[in-house]
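For reference, the structure is listed below as structure tokens.
Chain naming here is simple, since letters A, B, ... match the order of the sequence lines and numbering starts at 1 in each. Computation of the quantities below employed the complete heavy-atom set of this structure, encompassing side-chain atoms and omitting hydrogens, waters and symmetry-equivalent molecules. What you see is a predicted model; the values in this text were computed from it and never measured.
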Amino acid sequence: MPELPEVETIVKGLKKEIIGKKIIEVLINCEMIIAYPDIEDFIKEINNRVIFDIYRRGKYILFKLDGSKIMVIHLRMTGKLLIKNSSDNIDKHTHIIFKFDDKNELRFNNIRKFGRVYLINDDEWENAGGLNKLGPEPLSKEFTLKKFKEALSSRKAKIKALLLNQKFLAGMGNIYTDESLHEAGIKPDRRADMLKDVEIERLFYAIKKLLKEGIQYGGTSFSDYVNAIGEKGSFQHKLKVYQREGEKCLRCDHKIIKDKIAGRSSYYCSHCQN
DNA sequence: CGAGGTACCTGACAGC
DNA sequence: TGCTGTCAGGTACCTC
């Protein structure tokens with residue numbers, strides 16, 4: 001469900017609410033979500049840790065704990081992290097509850113159970129899913145037009161597939177990929193190494209723009225995305241192609257097409273994306 | 001390396 | 001009402 005702007009929004013909310021809190025108990029209702037280490041060690045190791053800091057890398061959320069421990073959470077498709085009071089009703093799909101020493105709780109809610117939680121030492125990044133293999137952060141200074149051009153020039157994959165590939169670029173998902181390609185006037189099935197310089201430039205700035213706007217609007221909420229305190233985002237009102245099949249392109253009036261590209265449903269304008 | 005398929009899981013929705 | 005099929009914001013894994 002969440003892409004970079006949604007995860008960023010969730011992290012902002014978490015930072016405001018739970019930095020400095022101590023985890024005094026963890027309840028696990030769905031063991032498959034704990035990916036590393038095994039359940040017993042996870043519970044033993046996380047108990048009584050204080051949350052020093054929370055930050056984002058790609059679509060991963062990292063909780064820096066005392067004792068050089070880091071808890072890593074990936075929400076995948078339907079994951080939510082919600083700050084609740086211990087007296088609040090517990091939703092059916094709440095699979096993990098982190099209890100703090102002040103009656104507050106962090107609840108991991110995850111309808112489809114695809115999300116994963118890892119607890120690692122700060123020198124074992126290889127045990128946190130694909131975290132250590134992520135590509136550059138698209139909003140960082142390290143992600144430059146020059147590097148983007150170079151990286152694309154040797155790739156024969158479809159540009160859509162490449163933008164979704166987290167090892168190539170961290171944080172883009174189906175929505176922001178389609179929106180960026182529309183903004184840049186590029187059809188999603190174009191070969192990366194065949195893009196012209198001017199197109200790459202447009203795409204580069206489109207990615208940064210769309211991600212920043214997504215963050216500004218608190219993310220995109222279709223069915224179930226909410227931030228850490230349960231609020232919806234509003235970027236769904238700003239989307240120009242995603243989920244607008246059959247409607248008119250807001251730039252050129254032609255029809256928005258829905259097609260399967262790179263294994264994902266893809267929305268693009270039949271006229272102004274080439 | 002890359003394409004294309006499957007799998008993981010649950011719920012919403014369309015069509016019959 | 002209820003069954004069946006399809007789809008969903010993500011990623012890992014498999015084969016070719």
Side-chain angles (χ1 to χ4, degrees), chain A residues 1-10 29-36 56-61 72-81 91-96 108-118 126-135 151-181 188-194 210-211 213-215 217-227 232-246 258-267:
Chain A
M1 154 184 128
E3 306 180 28
L4 188 153
E6 289 74 36
V7 177
E8 181 72 24
T9 305
I10 291 167
N29 300 320
C30 180
E31 301 199 347
M32 63 187 288
I33 303 224
I34 307 295
Y36 183 87
R56 178 192 63 73
R57 171 80 173 99
K59 299 173 196 169
Y60 292 81
I61 300 170
V72 178
I73 297 186
H74 196 304
L75 300 169
R76 296 273 180 97
M77 291 281 266
T78 55
K80 296 178 198 177
L81 280 174
D91 180 275
K92 181 180 165 189
H93 301 291
T94 296
H95 298 128
I96 302 174
F108 186 10
N109 183 303
N110 194 193
I111 293 176
R112 289 172 74 180
K113 298 182 179 169
F114 289 166
R116 290 294 178 266
V117 179
Y118 312 81
E126 68 280 6
N127 290 325
L131 179 55
N132 60 334
K133 298 188 185 115
L134 288 177
L152 289 172
S153 66
S154 61
R155 298 294 209 118
K156 294 177 186 166
K158 293 179 171 119
I159 185 62
K160 165 125 184 180
L162 213 45
L163 293 180
L164 287 173
N165 181 344
Q166 302 299 301
K167 293 178 196 134
F168 182 80
L169 185 62
M172 295 284 281
N174 212 24
I175 298 176
Y176 294 91
T177 296
D178 279 4
E179 293 296 317
S180 299
L181 287 167
D189 64 352
R190 288 280 301 284
R191 254 176 67 161
D193 60 355
M194 304 293 272
L210 268 299
L211 291 176
E213 283 181 358
I215 293 169
Y217 284 86
T220 305
S221 294
F222 276 119
S223 48
D224 47 14
Y225 161 71
V226 290
N227 67 16
K232 292 190 174 214
S234 61
F235 199 59
Q236 61 276 18
H237 304 303
K238 296 283 168 187
L239 300 179
K240 293 185 178 155
V241 283
Y242 194 82
Q243 288 215 340
R244 294 193 63 244
E245 184 187 14
K258 182 183 182 186
D259 210 353
K260 203 127 195 147
I261 296 171
R264 306 292 298 278
S265 54
S266 304
Y267 299 83

May I have the distance from [X] (atom [atom1]) to [N] (atom [atom2]), rounded to whole angstrom?
X       : N       : atom1 : atom2 : result
L169(A) : dG10(C) : CG    : C1'   : 15 Å
N110(A) : dG10(C) : CG    : C1'   : 11 Å
R264(A) : dG2(B)  : CZ    : P     : 18 Å
Y60(A)  : dG10(C) : OH    : P     : 13 Å
Y225(A) : dG10(C) : OH    : C1'   : 16 Å
K133(A) : dC1(B)  : NZ    : P     : 12 Å

Could you give the side-chain donor-acceptor pairs of residues 163-174 of chain A under 3.5 Å, partners two or more places apart or in another chain?
{"residue": "N165(A)", "atom": "OD1", "partner": "K167(A)", "partner atom": "N", "Å": "2.9"}
{"residue": "Q166(A)", "atom": "OE1", "partner": "G171(A)", "partner atom": "N", "Å": "2.8"}
{"residue": "Q166(A)", "atom": "NE2", "partner": "L164(A)", "partner atom": "O", "Å": "3.0"}
{"residue": "Q166(A)", "atom": "NE2", "partner": "M172(A)", "partner atom": "O", "Å": "2.9"}
{"residue": "N174(A)", "atom": "OD1", "partner": "K160(A)", "partner atom": "NZ", "Å": "2.5"}
{"residue": "N174(A)", "atom": "ND2", "partner": "S265(A)", "partner atom": "O", "Å": "3.0"}

In 5'-to-3' order, the base (B), backbone-only (S) or no-contact (-) status of each nucleotide in nucleotides 5-11 of chain B, using a 4.0 angstrom heavy-atom cut-off, is ---BBBS
State which residues pass side chain to side chain donor-acceptor pair (under 3.5 Å) with [X]; sequence neighbours excluded, sorted by chain then number.
X       : result
N132(A) : none
R264(A) : none
D189(A) : none
R112(A) : none

Restricting to ring-ring contact (aromatic ring centres under 6.0 Å, His included), what partner residues turn up for F235(A), sequence neighbours left out? Y176(A), Y217(A)
Only counting residues at least two apart or in another chain, list the ones meeting ring-ring contact (aromatic ring centres under 6.0 Å, His included) with H74(A). Y60(A)
Please tell me which of the listed nucleotides, dG10(C), dG9(C), dG2(B), lies nearest to the side chain of R155(A)? dG2(B)
N174(A) side chain: which of dA8(C), dG9(C), dG4(B) is closest? dG9(C)
Where do Y242(A) and Y267(A) land on the ring-ring contact (aromatic ring centres under 6.0 Å, His included) test, with the steps shown first? CA-CA 6 Å; Y242(A) 194 82; Y267(A) 299 83; 5.1 Å; yes
Report the secondary structure of DNA chain C in dot-bracket form, marking unpaired bases with a dot and bases paired to a different strand with |, and treating Watson-Crick or G-U pairs with both distances under 3.5 Å as paired. .|||||||.|||||||
